[in-house]
Amino acid sequence: MPNKDNVTRPVILIGAGRTSSSYVQDRLHHGLGLYQTIIENDLYRDAHKALAEAGWCFRYKYVGDEAEVRRRIMQSIRDMFSTLFASDMTGWSMKCIWADHDPDLLNELFPDAKFIHLLRDPRTNIPSMMERLDFKEDWACSAYVESNQNALQFEKFSGRYIRIRQEDFVDSRSATWKTICTFLGVEFVDGVWERELNASKSTQGKVGEMRSHDRLTWQRLPDAVRAVAEGLGYSE
C-alpha cells in the first residue's frame, strides 16, 4: 500500500536519474497492477532529521530509554508513509535516486526492502540529464558518479539488491522483466512492458532503439565517470 502489513518491504529504486526509473515504476503499478508508487522525495530524511536530530530531542528522556525512542521514531515515519500514500495495492515502490541516501537508515526503516540499482551507459545518461533536466555537463558528470557510488553502498544487503541496465529494457525487455519479477517474487506477466514514458525529446517514439546520435565519446568523459562506469560493466 503502504500499510502496517507491507510498509517495511517497499521496492526502492536507486542510482542516477534518467535511467528508466519512471518507466519501471509505471510498469510495476500499471503493468503488474501490484504496486503503489511514490516518486523521489525527502520525506523520510526530513522526518528523521526532525524527530531524531532536532535540538528539542533531549526531551525524549521522559519517553523511554534510547532503544524505545528509536523504535517510536522509526514507527512514526512508517506511519507517515502509510497515511500519506495509502492505497489498496499489494505492495509499494519508492524512488530514492540521486545521492545522499543513507543505506543504514533506509534499512532500519524498511528492513525487508528490495533495492533495484538502475544503471545506464554514461555516454547517453549524461546527455539525457543535460537535455531533460538542464544539467550542465559538469553537474551531470558529478551526478552520475555520486549517484552510482551511493547506490553501490546498498550492495551489502545481499539478496535484496540487484543491478538492472537501462539498455536491457531496449534490447531484451521481456528477459529483463523476468529477472526483476523473479527478484521481487512476483509472477511475470507477458505483454505489459511496452508503454513509453517520460522520454526525452530526442527519443520520443524511438524508445525501442539503441541511442547513438547523442552519445558522448568515451574519451570525453572525466576519469571519475569512466572509473565508475567500468566498475558497473561499461567500457569503450
Mind checking the [atom1]-[atom2] spacing from [X] to [Y]? Nearest 0.5 Å is all I need.
{"X": "Leu51", "Y": "Met74", "atom1": "CG", "atom2": "CE", "result": "8.0 Å"}
{"X": "Ile126", "Y": "Glu137", "atom1": "CD1", "atom2": "CD", "result": "7.0 Å"}
{"X": "Ile180", "Y": "Asp168", "atom1": "CD1", "atom2": "CG", "result": "9.5 Å"}
{"X": "Glu108", "Y": "Leu106", "atom1": "CD", "atom2": "CG", "result": "10.5 Å"}
{"X": "Thr176", "Y": "Asp171", "atom1": "OG1", "atom2": "CG", "result": "7.0 Å"}

Pairing of [X] and [Y] as salt bridge, 4.0 angstrom limit:
{"X": "Arg72", "Y": "Glu68", "value": "yes"}
{"X": "Asp42", "Y": "Lys49", "value": "no"}
{"X": "Glu131", "Y": "Arg18", "value": "no"}
{"X": "Lys136", "Y": "Asp138", "value": "no"}

Test side chain to side chain donor-acceptor pair (under 3.5 Å) applied to [X] - qualifying residues, sequence neighbours left out:
{"X": "Glu66", "answer": "none"}
{"X": "Asp46", "answer": "none"}
{"X": "Arg163", "answer": "Glu155, Tyr161"}
{"X": "Trp193", "answer": "none"}

Q: Please collect all side-chain hydrogen bond (donor to acceptor under 3.5 Å, both in side chains) contacts where either partner lies in residues 182-191, sequence neighbours excluded, each pair once.
A: none
Q.
With side-chain hydrogen bond (donor to acceptor under 3.5 Å, both in side chains) as the rule and sequence neighbours excluded, what pairs involving residues 144-153 come up?
A. His117-Asn148
(Q) Does the plane of the ring in Trp139 sit parallel, tilted or perpendicular to the ring in Phe135? Use 30° and 60° as the thresholds. (A) perpendicular
Q) Using the ring of each side chain (for Trp, its six-membered ring), is Phe110 parallel, tilted or perpendicular to Trp92, with breaks at 30° and 60°? A) perpendicular
Q) Is the charged tip of Arg160 near the ring of Phe157: under 6.0 Å from the six-membered ring centre and within 45° of its axis? A) yes
Under 3.5 Å side-chain donor-acceptor pair for [X] and [Y]:
{"X": "Tyr44", "Y": "His101", "value": "yes"}
{"X": "Gln25", "Y": "Ser93", "value": "yes"}
{"X": "Ser22", "Y": "Lys95", "value": "yes"}

